[in-house]
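Encoded as structure tokens, the structure appears first; notes follow it.
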Amino acid sequence: MTCNNCGTAGAAHLFRAKGYDLVRCTGCGLAYIANPPGAEELKVLYSAGASYHAALCDPASETFATQDRIAVRHLAETLRGVKRGRLLDVGCSIGQFAARAKAAGFSATGLEMNEASAAFARSHFGLEVAEGTIHDAPQEAGSLDVVTMFDVIEHVPDPLGDLRKAFDLLAPGGTIVLSTPNIDGLFPKLSLPLAKKLDYWPHPEPPYHLYQFSAKTLGAMLKKAGFAVAETRHFAIDLAYTFGQVQTLLKMPKRLAYAGLFAPLAAVGPLLGQGDWIYVTARKAG
């Protein structure tokens with residue numbers, strides 16, 4: 001398998017989980033699964049999260065509330081770069097961000113692969129949501145002002161191809177806003193050597209994330225797709241998501257010790273420009 005960003009075939013091994021090998025390109029540094037699951041395997045992997053989707057579609061659930069808080073951050077980061085216009089949220093899930101963007105004055109629509117999530121976004125929020133990947137977007141080339149891709153780019157088999165499609169969909173001067181885990185964050189970087197010995201690395205592991213970006217590699221890929229990066233901002237992934245809920249940790253002494261060792265690094269990372277979650281805003285030349 002060659003690198004999706006630079007085409008280099010050489011790669012250094014980083015981590016192995018569940019039979020999948022995470023490697024880093026020796027040419028540009030992009031991390032990716034060298035033996036990715038096939039389409040059918042991915043379907044099985046994501047169908048295992050049926051209970052999560054059920055909770056997500058329940059407005060009374062903590063999962064719904066958590067994702068809604070994240071949608072607030074997505075909107076705040078979007079508004080830093082653009083205030084209005086025709087917006088497409090790729091991988092919109094149940095539509096929480098798109099609904100907030102619409103309320104903020106954007107002409108917002110969504111695109112979602114999960115049929116149930118797309119249906120909920122339409123029925124609960126009254127959004128216009130198409131089903132499929134960015135390559136199934138019904139919008140014409142050059143018709144959008146904003147494309148958002150929050151925690152999506154790491155899941156797709158051809159991220160460069162998706163970014164090039166986003167570039168085509170945007171009008172001159174258009175903006176793309178993305179978020180993704182940062183493999184070069186302070187926590188993932190310092191915990192990886194121990195992870196190899198413990199066979200445990202709670203930074204997003206293979207195979208759910210096909211790619212692991214850093215600010216450098218995502219910036220390089222955006223540039224290759226035609227964009228100019230305007231801003232990169234560092235945050236921490238929710239500690240409960242990374243290390244587990246406190247109630248769970250209290251029953252698992254070893255994992256509790258691990259969290260005690262590395263959670264402070266995850267929290268401090270953004271202050272040092274090394275957060276384990278990044279937002280990147282980039283623009284198409286006007």
Side-chain angles (χ1 to χ4, degrees), residues 1-8 10-37 45 70 77 91 149-160 162-163 177-225 229 231-239 241-243 258-259 261-282:
M1 183 173 175
T2 58
C3 175
N4 185 257
N5 182 49
C6 71
T8 298
H13 192 271
L14 285 180
F15 188 71
R16 183 174 176 83
K18 302 178 182 74
Y20 297 99
D21 295 299
L22 183 68
V23 301
R24 192 188 287 269
C25 173
T26 54
C28 69
L30 178 66
Y32 59 90
I33 297 179
N35 53 336
L45 284 169
I70 293 172
E77 292 304 304
M149 299 175 71
F150 298 120
D151 302 322
V152 168
I153 196 71
E154 65 272 15
H155 293 275
V156 301
D158 179 17
L160 179 58
D162 283 25
L163 292 180
V177 187
L178 310 93
S179 67
T180 190
N182 173 26
I183 195 171
D184 283 351
L186 192 64
F187 159 61
K189 192 163 54 177
L190 295 184
S191 64
L192 182 56
L194 182 59
K196 291 178 179 179
K197 294 178 181 177
L198 298 177
D199 195 29
Y200 171 70
W201 194 35
H203 182 75
E205 295 181 348
Y208 295 99
H209 292 188
L210 303 180
Y211 290 86
Q212 291 284 341
F213 290 91
S214 65
K216 179 183 175 182
T217 56
L218 183 54
M221 189 176 283
L222 282 162
K223 184 177 179 182
K224 192 158 191 174
V229 173
E231 185 177 38
T232 301
R233 282 166 50 83
H234 290 252
F235 294 88
I237 296 173
D238 184 86
L239 294 180
Y241 177 86
T242 300
F243 299 103
Y258 186 96
L261 178 64
F262 287 113
L265 294 178
V268 160
L271 303 177
L272 304 176
Q274 297 180 67
D276 52 8
W277 191 28
I278 52 173
Y279 281 85
V280 181
T281 301

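The figures that follow rest on heavy atoms only: side chains count, while hydrogens, waters and symmetry mates do not. Given the structure is predicted, the values throughout are model-derived calculations rather than measurements.
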Look at the side chain of [X] and the backbone N and O of [Y], then say whether any donor-acceptor pair between them is shorter than 3.5 Å.
X	Y	result
T26	G10	yes
R24	A31	no
N35	D21	yes
Y20	A34	no

**OP:** Let me see the working for I153 and Y211 under side chain to side chain contact (heavy atoms under 4.5 Å, CB included), right down to the final yes or no.
**Re:** CA-CA 8 Å; I153 196 71; Y211 290 86; over 6 Å; no
Approximate separation, where rounding is to 0.5 Å, of [X] [atom1] and [Y] [atom2]:
X	Y	atom1	atom2	answer
L190	Q274	CG	CD	7.5 Å
K18	D199	NZ	CG	9.0 Å
T232	I278	OG1	CD1	6.5 Å
S191	Y200	OG	OH	9.5 Å
L14	I183	CG	CD1	5.5 Å
Y32	M1	OH	CE	6.5 Å

**OP:** Using a 4.5 Å cut-off on heavy atoms from C-beta on, say whether the side chain of P36 contacts that of P157.
**Re:** no
Original post:
Are I70 and D238 close enough that some pair of their side-chain heavy atoms sits under 4.5 Å apart?
Top reply: no
Locate the shortest heavy-atom distance separating [X] from [Y]; write the atom from each residue and the value.
X	Y	result
G91	V152	CA-CG2, 3.9 Å
I33	P207	CD1-CA, 3.5 Å
H234	G273	CE1-O, 3.0 Å
A267	P270	O-CD, 3.4 Å
P37	L210	CD-CD2, 3.9 Å
D276	A266	OD2-CB, 4.0 Å

Subject >> side-chain contact (heavy atoms from CB on, under 4.5 Å) partner of F213, chosen from N182, L30, V280 >> reply: L30
[X]: which residues meet the side chain to side chain donor-acceptor pair (under 3.5 Å) condition with it, sequence neighbours left out?
X	result
N5	none
D151	S179, W277
N4	D158
Y279	H74

Subject >> Partners passing ring pair (Phe, Tyr, Trp, His ring centres under 6.0 Å) against F262 (at least two apart in sequence or in another chain) >> reply: F187, Y258
**OP:** Using the test ring pair (Phe, Tyr, Trp, His ring centres under 6.0 Å), find all partners of H203 that sit at least two apart in sequence or belong to another chain.
**Re:** W201
Original post:
Near K196 NZ, under 6.0 Å, is it more than 12 heavy atoms from other residues, nucleotides or ligands?
Top reply: yes
Original post:
Are the charged groups of D184 and K189 less than 4.0 angstrom apart, N to O?
Top reply: no
